[in-house]
Amino acid sequence: MLNFKRIAGLCALGAACAFSGAAQAQADKSQAMTIVVPYGAGGIVDNTARAFAQKLAAELGKPVVVENRGGAGGMIGMNAVARAQDENTLAFTAVSPVTLSPHVMKTLYDPLKDLAPVAAVMYSPVYLVGGPKFTGKTFKDMLAQAKADPDGLSLATAGVGSLGHLMLEQISGQAGVRIAHVPYKGMAQMVPDALGGQFTLMLVNASGPINALIDEGKLTLLAVGSPVRLPGRPDTPTLAELGYPMANMTSTFGFFAPGTASADFRARMNGLINKIAAMPDVSKPLTDSLNIMSPGTVEQFTAQVRKEYEDNGKIVKQANIRTE
């Protein structure tokens, strides 16, 4: 059972900041556009958002700035976007603060009303990796260690209520083992802490830096969340192959607007985002890191978000994951 105390208070703090920002945004529609990243600086989400911000600024003819609002598994940042109520604010995020977190903790926003899907960008495999502190080599070794020493393993994710957190609950629940959860605000600090031995394992999205650390032997890749084995990692089994199909998840990333954004604005942003995503200098670093570009219409992304919301609700209920 998960423990999500203090989350509502954190979101309330984010809401207070968002309300003051919204009033100023409504007063001046020519101001800079803000892309909120609901995670800490650094990491694949932040870096991708900044690449899009640079291109969007050229397309729109005005500044586009990236603002990091990490915490509460992405909910603080998404609450700020939900309360912005303007057409100068977007979020670039994993979809989990919209499709997963609301099922396991109280949110101050209605995920299907206060946030409007704009454009999917990509989906990213999830790596289960061991750091220098992990002495095994395989997923089987991890389970054996967890059974032999119930307090010996710890696993970091991007936050409470994140996709990685749900994957951890699925693995530990099915295997009947205890692995301590170490929540972060994003991937940037997780990586140096992993290398420094602050925890044993982590669930992270595929990225260039992570791939390099695996190749250098500094991280050990145990399994991937992916529909099939990755071409760049053919020797690494998927979690489904290992007998954990419910934990075999990937992260979808995309842009959201406040729920009040007009259909015209969403359609225009969708077109620009798809155009930018097709630019080689934007897409190649992502695909080289084994991410899969997934462009589409507003309607397609909206349907995907709603389906993931419904599917995650069933998974959370079946796994008996609930707030305290």
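Basis for what follows: all heavy atoms, side chains included, without hydrogens, waters or symmetry-related copies.
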Closest heavy-atom pair and its distance - [X], [Y]:
{"X": "I44", "Y": "T48", "answer": "O-OG1, 2.7 Å"}
{"X": "A206", "Y": "S124", "answer": "N-OG, 3.5 Å"}
{"X": "G136", "Y": "T220", "answer": "O-CG2, 4.5 Å"}
{"X": "P285", "Y": "P280", "answer": "CD-O, 3.8 Å"}
{"X": "A194", "Y": "P132", "answer": "O-CD, 3.2 Å"}
{"X": "A53", "Y": "V66", "answer": "CB-CG2, 3.8 Å"}

Intermediate values then yes/no, side chain to side chain contact (heavy atoms under 4.5 Å, CB included), L155 and L128: CA-CA 9 Å; L155 185 148; L128 172 59; 3.7 Å; yes
State yes or no: do [X] and [Y] share one hydrophobic cluster built from I, L, V, M, F, W and Y residues joined by side-chain heavy-atom distances below 4.5 Å, directly or via other members?
{"X": "V298", "Y": "I276", "result": "no"}
{"X": "V65", "Y": "I273", "result": "no"}
{"X": "I292", "Y": "V126", "result": "no"}

Can you tell if the side chain of [X] reaches within under 4.5 Å of the side chain of [Y], non-hydrogen atoms only?
{"X": "R268", "Y": "L60", "answer": "yes"}
{"X": "M269", "Y": "L272", "answer": "yes"}
{"X": "V316", "Y": "E169", "answer": "no"}
{"X": "I214", "Y": "R233", "answer": "yes"}
{"X": "D149", "Y": "D151", "answer": "yes"}
{"X": "F253", "Y": "N291", "answer": "no"}
{"X": "V121", "Y": "F52", "answer": "yes"}
{"X": "M142", "Y": "I171", "answer": "yes"}

Option among Y123, F256, F255 that satisfies the ring pair (Phe, Tyr, Trp, His ring centres under 6.0 Å) test with F301: F256
No-hydrogen, no-angle side-chain donor-acceptor test under 3.5 Å, N274 and N270: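 Yes.
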Donor on one side chain, acceptor on other, Q189 and D193, under 3.5 Å: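 Yes, because at least one side-chain N or O of Q189 sits under 3.5 Å from a partner of the opposite role on D193.
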Would you find a donor on one side and an acceptor on the other, under 3.5 Å apart, between the side chain of [X] and the backbone of [Y]?
{"X": "T157", "Y": "G159", "answer": "yes"}
{"X": "T99", "Y": "Y309", "answer": "no"}
{"X": "N312", "Y": "E308", "answer": "yes"}
{"X": "T34", "Y": "T89", "answer": "no"}

Intermediate values then yes/no, side chain to side chain contact (heavy atoms under 4.5 Å, CB included), D281 and Q54: CA-CA 12 Å; D281 57 337; Q54 182 180 22; over 6 Å; no
Nearest 0.5 Å, please: how far is [atom2] in [Y] from [atom1] in [X]?
{"X": "L166", "Y": "H103", "atom1": "CG", "atom2": "NE2", "answer": "10.5 Å"}
{"X": "R69", "Y": "M78", "atom1": "CZ", "atom2": "CE", "answer": "12.0 Å"}
{"X": "S172", "Y": "M167", "atom1": "OG", "atom2": "CE", "answer": "12.0 Å"}
{"X": "K284", "Y": "M293", "atom1": "NZ", "atom2": "CE", "answer": "13.0 Å"}
{"X": "H181", "Y": "S162", "atom1": "NE2", "atom2": "OG", "answer": "5.5 Å"}
{"X": "K140", "Y": "T138", "atom1": "NZ", "atom2": "OG1", "answer": "7.5 Å"}

Pair D141-K137, salt bridge (Lys or Arg N to Asp or Glu O under 4.0 Å): steps then yes or no: CA-CA 6 Å; D141 291 341; K137 298 293 184 183; over 6 Å; no
Partners meeting side chain to side chain donor-acceptor pair (under 3.5 Å) with N68 (sequence neighbours left out):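 Partners of N68 under the side chain to side chain donor-acceptor pair (under 3.5 Å) test: D46, R50.
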Counterpart residues, side chain to side chain donor-acceptor pair (under 3.5 Å), relative to T260 (two or more places apart):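 For T260, no residue satisfies side chain to side chain donor-acceptor pair (under 3.5 Å) once neighbours in sequence are set aside.
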Stepwise side chain to side chain contact (heavy atoms under 4.5 Å, CB included) test for V191 and Y184: CA-CA 11 Å; V191 177; Y184 277 74; over 6 Å; no
Derivation of the side chain to side chain contact (heavy atoms under 4.5 Å, CB included) call for L201 and Q145: CA-CA 12 Å; L201 308 151; Q145 288 186 26; over 6 Å; no
Please list, one pair per line, the donor and acceptor atoms closer than 3.5 Å that link side chains of residues 242-251 to other protein atoms, with sequence neighbours excluded.
| residue | atom | partner | partner atom | Å |
| --- | --- | --- | --- | --- |
| N248 | OD1 | S226 | N | 3.1 |
| N248 | OD1 | L239 | N | 3.4 |
| N248 | ND2 | S226 | O | 2.9 |
| S251 | OG | N205 | ND2 | 3.1 |

side-chain hydrogen bond (donor to acceptor under 3.5 Å, both in side chains) between Q300 and Q304, intermediate numbers included: CA-CA 6 Å; Q300 288 170 330; Q304 178 184 353; over 6 Å; no
Other residues, nucleotides, ligands: >12 heavy atoms within 6.0 Å of Q174 CD: yes
